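Scroll down for the structure; my scribbles are underneath it.
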Amino acid sequence: MVEQLDKQYVLHTYARNYVNFKKGINATLFDEKDKDYIDFTSGIGVVSVGHGNKEVADAIYKQVSNITHISNLYAIEPQAKLAEKIAQLSEMDVATFFSNSGAEANEGAIKIARKYGETKFNKKRYKVITLEHSFHGRTITTVKATGQSSMHSPNFSPYPDGFKYDARIDDIYNSIDDETVAVMIELVQGEGGVQPFEKKDIQELAKFLKEAGILLIIDEVQTGAYRTGEFLASNLYEIEPDVITMAKGLGGGVPIGAVITKHKDIFQPGDHGSTFGGNYLSCAAANKVLELLDSYKNSGELDEIIIYFDKKLNEIQNKFPEILTQKVGIGLMKGFRIKDNETLTALISKCFEEGVLVLKAGRNTLRLLPPLTISKKEIEEGFKRLENALTKIK
Ligand SMILES: *Cc1c(COP(=O)(O)O)cnc(C)c1O
């Protein structure tokens, strides 16, 4: 039924699995035949606090049964409180603009860079350097910011000018010219293959850019909201970027994006805006998500579950070293390089059959992004099923 409707009425932009999920409890999903699946994807890093989170649901219900939306023409108390909480948790002197998605947050960051380049230098600067294998979104501008030529299809050209891609962090130094205004990178490339950069290299780059007056934009759409074990990957890397973007895990499933910057006066009224961004609904959700994750982190439970998950990764890698060639990632953003692309494709569909949901990243990486609140029991069951899948494809 859902398959027929989907195929007839929904535009075909995804290669979909035809399963119909009817119920979710933390990291476990149930389909219409009541088959259960351990969710090591959390909706691609979105459902940070698990499926069916009662406290988030209650906070949303309480808010939307009163006011759902007013517009940004009026001050919005949950939005102001969320911005305050982001500043506190980031431990940076920052202000935030709210959008509805990651791509939109990155658009906002690029607009900040463009205005900075127009207004802060004698000669206009507008070029933004990004990295190969990066992913920054699906709008025309963020697709162009993404350093994967396969994403720059002529079908959607012309694209905005001013993006340059470097293969490595080290190459950025030579790419900078008198038109460069910003460098935009992920600290752990997610879609590109769960690839973290070296802390030392990032700190050196941050220092260099600061001295050169060039903005550092960190795309934390995937790494933000405790995915790496800290509120921001920037906290983990101990840097203070000029602009940070967030989205995926921030609203626990409610669409929200954030552009966080220490350049609090760069935008004037009229420079940027959003109809839905930062409304009562999304901010009520995000406030509760951050409250829950902050106390989850402070209690030591998040660190404990990261260690437990990592132990399981090591165990399974020891059993299948010829398939799982390398463990990658940080926190609960983890994965394995897989022997080859065909094996990975076979593994992902076998995992689905065995009842564990996993993701692909890059060309040959198995990516695991469980809800941060996943239980030890769910982890154990998920790895048991992953092991079954590996045994069957061997
Ligand atoms: C997912 C992702 C985006 C795009 O976010 P959308 O909400 O899909 O627009 C941008 N950057 C990174 C690093 C991402 O992982």
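This one's a predicted model, so the numbers in the text were calculated from it and none came from an experiment. Read the numbers this way: they start at 1 and go in the same order the structure lists the ligands and their atoms.
Ligand 1 places these atoms under 4.0 Å from at least one heavy atom of Asn106: 10 (C), 11 (N). Of all atoms in ligand 1, listed by their number and element, those nearer than 4.0 Å to a heavy atom of Gln222 are 15 (O). Under a 4.0 Å criterion applied to the non-hydrogen atoms of Asp219, ligand 1 contributes the atoms 10 (C), 11 (N), 12 (C), 13 (C). Close approach to Ser101 involves these atoms of ligand 1, each under 4.0 Å from a residue heavy atom: 7 (O), 9 (O). Close contacts of ligand 1 with Glu186, meaning ligand atoms under 4.0 Å from a residue heavy atom, involve 13 (C).
A cation-pi arrangement is present between Lys23 and Phe30 under the rule of less than 6.0 angstrom and at most 45 degrees off the ring axis. Cation-pi geometry between Lys376 and Tyr308 is met: the NZ or CZ atom falls under 6.0 Å from the ring centre, inside 45° of the normal.
Polar contact with ligand 1: present for Gly102 (N/O pair, distance under 3.5 Å). Residue Glu104 has no N or O atom closer than 3.5 Å to an N or O atom of ligand 1.
Looking at Thr130, its side chain does come within 3.5 Å of a backbone N or O of Ala145 through a donor-acceptor pair. Side-chain atoms of Gln63 come within 3.5 Å of backbone atoms of Ile67 as a donor-acceptor pair (strictly under, hydrogens ignored).
Atom 1 (C) of ligand 1 has its closest protein heavy atom at Lys248 NZ, 1.5 Å.
Other residues, nucleotides and ligands place no more than 12 heavy atoms under 6.0 Å from the NE2 atom of His133.
For atom 3 (C) of ligand 1, the nearest non-hydrogen atom from the set Leu369, Thr142, Val221 belongs to Val221. Considering Gly45, Ala103, Ser99, Ala361 only, the shortest heavy-atom separation from atom 9 (O) of ligand 1 involves Ala103.
Between Phe208 and Tyr173, the ring planes lie perpendicular to each other; the angle is over 60°, past the 30° to 60° tilted range.
Taking the six-membered ring for Trp and the full ring otherwise, the centers of Phe267 and Phe97 sit at least 6.0 Å from each other.
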